[in-house]
Amino acid sequence: MIKLYNVKNRTKEAFTPIDPKNVRMYVCGPTVYDRAHIGNARPVVVFDTLYRVLQHTYGKEHVSYARNFTDVDDKINAKSIETGRPIRDITNETIGWYLEDMNELGALEPDFAPRATEYIAEMITMIEELIEKGHAYAAEGHVLFDVNSYDAYGALSRRSVDDMIAGARVEIAPYKHNPMDFVLWKPSNDKQPGWDSPWGHGRPGWHIECSAMSRALFGDKFDIHGGGLDLQFPHHENEIAQSCACCGDDTFANVWMHNEMLQVEGKKMSKSLGNFFSVRELLDQGYSGEVIRFVYLSTHYSKPMDWTIKKAEEAAATLRKWRMITDDVIPSDIVSPAIVNALADDLNTAGAITALHNLAKCGDAALLKSSAELLGLLGDNMGGWVKAIDFDLSALEKMISTERDKALKNKDFSKVDYLKLTFVSAGLDVQMSKENVTLIAGPKFDSSLLEDLF
RNA sequence: GGCGAGUUGGCGGAGUGGUGACGCAACGGAUUGCAAAUCCGUGUACAGGAGUUCGAUUCUCCUACUCGCCUCCA
């Protein structure tokens with residue numbers, strides 16, 4: 001049984017799908033104007049893991065996962081004006097990057113990846129319904145959602161409209177009935193992307209796309225809605241308001257999940273601090289996608305996670321060890337119950353990693369591999385970073401072995417020690433047993449440092 | 001100002017109303033020509049205060065601190 005912490009009730013509860021043959025999860029995806037940064041990647045890895053657990057529990061063909069691309073947004077418009085490139089070029093390129101980068105993190109592609117611009121008609125329909133039902137109004141080319149018309153507004157994030165107005169720091173547009181009313185549709189000028197609508201040439205507000213697209217793909221009601229905690233308010237609150245006002249109080253997502261934010265070396269990631277980087281930059285620095293994924297999974301999704309070099313290095317060491325154990329091992333048909341149980345308990349990925357450590361300790365390589373794969377780790381497609389060394393060490397092994405045999409007789413170890421030192425400084429791990437000497441290339445192996453020996 | 005999350009041993013990080021997870025580091029031992037790797041072993045951690053309880057790190061309240069959202073940035 002899967003248990004999930006449902007933000008709606010702030011309670012961990014048993015997960016019961018609406019239809020076990022059709023489990024539906026919607027996760028808010030990126031606005032596509034630039035490379036995904038490492039904060040963007042956390043929900044991707046978190047919900048990818050949940051996707052795998054759901055597939056494991058209900059069967060691959062019975063789980064649908066949708067993650068949208070927001071490809072109409074003022075940030076994209078700004079980039080287009082700045083670079084002189086058409087919007088579609090920018091969004092296509094960015095989507096390509098995104099899929100590449102997330103693939104490196106071992107994230108499966110969702111079953112649906114809807115683009116906002118392909119669902120404009122559905123959004124317009126929904127906005128019309130909202131107007132008809134008295135939850136939205138048109139004003140000066142805009143359409144606004146009337147928060148006073150929806151009593152439960154603020155329930156998800158536990159905010160009251162009055163408190164928010166009192167503490168508001170935003171300038172209030174004159175055409176709003178209530179300062180908290182938010183935009184469903186807004187007018188576009190010649191330079192902005194736009195579509196014809198009953199309210200003139202314009203474009204959708206940010207929130208309506210998720211309501212319209214999840215409805216189009218999953219219907220009025222589905223199981224899980226996820227995203228970063230920063231989206232809880234206002235984005236998710238507004239999605240709920242739109243969808244429930246339109247389709248009924250008992251519609252939209254049953255379970256709401258939010259992953260906590262990511263920090264870098266103890267500080268909020270920000271461009272001014274210089275600790276802001278993309279997944280691609282990290283990959284280019286030599287941190288493999290698998291290592292990055294492991295670091296993400298070693299902290300529970302509900303807690304803030306600190307990205308540090310130290311963690312990445314520890315993760316790399318652990319994975320290297322596990323890959324050594326599972327090299328050429330055929331994964332077991334089953335997954336360790338300890339791992340399944342940990343993951344079923346509100347996606348306790350850190351607990352699952354502990355269970356993997358236990359499997360490694362007792363040497364059950366087949367089960368270690370199959371179980372790690374449920375977390376998206378130790379897959380054959382992700383191990384390139386470990387096996388990348390193409391260098392025959394057998395001649396060196398023989399060389400040091402011979403010298404050692406001699407030294408053991410004449411007690412002069414100077415030559416052996418010299419070789420050992422050279423090997424170690426070239427990044428080799430030198431393992432001498434009674435019988436022979438084994439050399440293992442470490443992460444910093446550099447064969448050019450051995451040239452003098454030949 | 002409003003709202004929320006968190007504070008666990010040297011570091012990271014789970015978890016639990018009553019036998020000190022787990023990883024890294026450290027230390028001791030086995031092993032080794034010496035090492036490394038490996039194996040075995042070693043640590044009186046739960047921010048502070050009050051309360052509930054036979055018993056609290058775990059529940060309740062208060063205090064302090066940290067962080068996040070409310071503002072273009074997930």
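Chain letters run A, B, ... following the sequence lines, proteins first and then strands; every chain starts at 1.
Secondary-structure annotation of RNA chain B gives the stems B:1-7 with B:64-70, B:10-12 with B:22-24, B:26-30 with B:38-42, B:47-51 with B:59-63, with a stem taken as at least 3 successive Watson-Crick or G-U pairs whose two distances both fall under 3.5 Å.
Looking at heavy-atom distances under 4.0 Å, A:Phe413 makes contact with a base. Using a 4.0 Å heavy-atom cutoff across all strands shown, A:His300 reaches sugar-phosphate atoms only and no base atom. Among the protein residues, A:Val416 comes within range of the nucleic acid bases, having at least one heavy atom under 4.0 Å from a base atom.
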Q: Heavy atoms under 4.0 Å is the rule here; annotate nucleotides 3-12 of chain B 5' to 3' with B where the base is hit, S where only the sugar-phosphate is, and - elsewhere.
A: SS--S---BS
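Looking only at atom types and distance, the side chain of A:Asp111 has no donor-acceptor partner in the side chain of A:Ser64 under 3.5 Å away.
Pairing each heavy atom of A:Val45 with each of A:Leu297, the nearest pair is CG1-CD2, 3.8 Å. Taking both residues in full, the closest heavy atoms of A:Pro187 and A:Gln192 are given as O-OE1, 4.0 Å, listed atom of the first, atom of the second, then distance. Smallest separation of non-hydrogen atoms from A:Lys8 and A:Asn254: NZ-O, 3.5 Å.
Under the rule for a side chain to side chain contact (heavy atoms under 4.5 Å, CB included), the partners of A:His135 that lie at least two apart in sequence or sit in another chain are A:Leu130, A:Lys133, A:Phe145, A:Ser149, A:Ala245. Partners of A:Gln232 under the side chain to side chain contact (heavy atoms under 4.5 Å, CB included) rule, at least two apart in sequence or in another chain, are A:Val7, A:Arg10, A:Leu156, A:Ser157, A:Leu229, A:His258. Residues that satisfy the side chain to side chain contact (heavy atoms under 4.5 Å, CB included) test with A:Pro43, not counting sequence neighbours, are A:Phe47, A:Asn259. Not a single side-chain hydrogen bond (donor to acceptor under 3.5 Å, both in side chains) links A:Glu397 to another residue, sequence neighbours left out. Residues satisfying the side-chain hydrogen bond (donor to acceptor under 3.5 Å, both in side chains) criterion with A:Thr70, sequence neighbours excluded, are A:Asn68, A:Glu209. Listed by chain and number, the residues in a side-chain hydrogen bond (donor to acceptor under 3.5 Å, both in side chains) with A:Tyr296 amount to none (sequence neighbours excluded). With sequence neighbours left out, the side-chain hydrogen bond (donor to acceptor under 3.5 Å, both in side chains) criterion links A:Ser332 to no other residue.
Remark: A:Thr354, A:His357, A:Lys361 in residues 353-372 of chain A come within less than 4.0 Å of RNA chain B through at least one heavy atom.
Here the separation of B:rG51 from B:rA56, taken at their P atoms, is 11 Å to the nearest Å. Taking the P atoms as reference points, B:rC59 lies 16 Å from B:rA14, given to the whole Å. A gap of 27 Å separates the C1' atoms of B:rC62 and B:rC70, to the nearest Å. Rounded to a whole angstrom, the distance from the P atom of B:rU8 to that of B:rG15 is 14 Å. Taking the P atom of each, B:rU31 and B:rC40 are spaced 16 Å apart, rounded to whole Å. Atom C1' of B:rA26 sits at a distance of 29 Å from the matching atom of B:rU58, rounded to the whole Å. Comparing B:rG9 with B:rA45, their C1' atoms sit 4 Å apart, to the nearest whole Å. B:rC27 and B:rA47: their C1' atoms are spaced 28 Å apart (whole Å).
Under 4.0 Å is where a charged nitrogen must lie from a carboxylate oxygen, and between A:Lys406 and A:Glu403 at least one such pair does. Look at A:Arg323 and A:Glu290 and you find a salt bridge, because one of the NZ, NE, NH1 or NH2 atoms lies within 4.0 Å of a carboxylate O, short of that distance.
Comparing A:Pro30 and A:Lys411 by the nucleotide of RNA chain B whose heavy atom lies nearest to each, the residue mapping closer to the 5' end is A:Lys411. Mapping A:Asn259 and A:Phe233 onto RNA chain B by nearest heavy atom places A:Phe233 at the nucleotide closer to the 5' end.
In this structure, A:Arg24 contributes its side chain and A:Phe218 its backbone to a donor-acceptor pair below 3.5 Å.
Phosphate proximity of B:rC69 to A:Lys268: present, with a side-chain N or O under 4.0 Å from OP1 or OP2.
Taking atom CD on A:Gln431 and atom P on B:rU38, their separation rounds to 8 Å, with Å as the unit. A straight line from NE2 of A:His235 to P of B:rC70 spans 13 Å, rounded to a whole angstrom. Between A:Ile400 atom CD1 and B:rA37 atom C1' there is a gap of 14 Å when expressed in whole angstrom units. Atom pair A:Asp429:CG and B:rA37:P shows a separation of 7 Å (rounding to whole Å applied). The interatomic distance linking A:Gln263 (CD) with B:rC69 (C1') rounds to 13 Å, in whole Å. A straight line from NE2 of A:His236 to C1' of B:rC69 spans 13 Å, rounded to a whole angstrom. A:Lys321 has its NZ atom 11 Å from the C1' atom of B:rU38, to the nearest Å. Straight-line distance from the CZ atom of A:Phe294 to the P atom of B:rG13: 13 Å, rounded to whole Å.
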I'd like a list of close polar pairs between nucleotides 28-32 of chain B and the protein, N/O only, cut-off under 3.5 Å.
{"residue": "B:rU32", "atom": "OP1", "partner": "A:Lys434", "partner atom": "NZ", "Å": "3.1"}

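Few gaps surround NZ on A:Lys311; more than 12 heavy atoms of other groups in view lie less than 6.0 Å from it.
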What donor-acceptor contacts under 3.5 angstrom involve side-chain atoms of residues 355-368 of chain A, with partners at least two apart or in another chain?
{"residue": "A:Asp364", "atom": "OD1", "partner": "A:Leu367", "partner atom": "N", "Å": "3.3"}

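Listed candidates were B:rA37, B:rC34, B:rG15. Nearest to the side chain of A:Asn348 is B:rG15.
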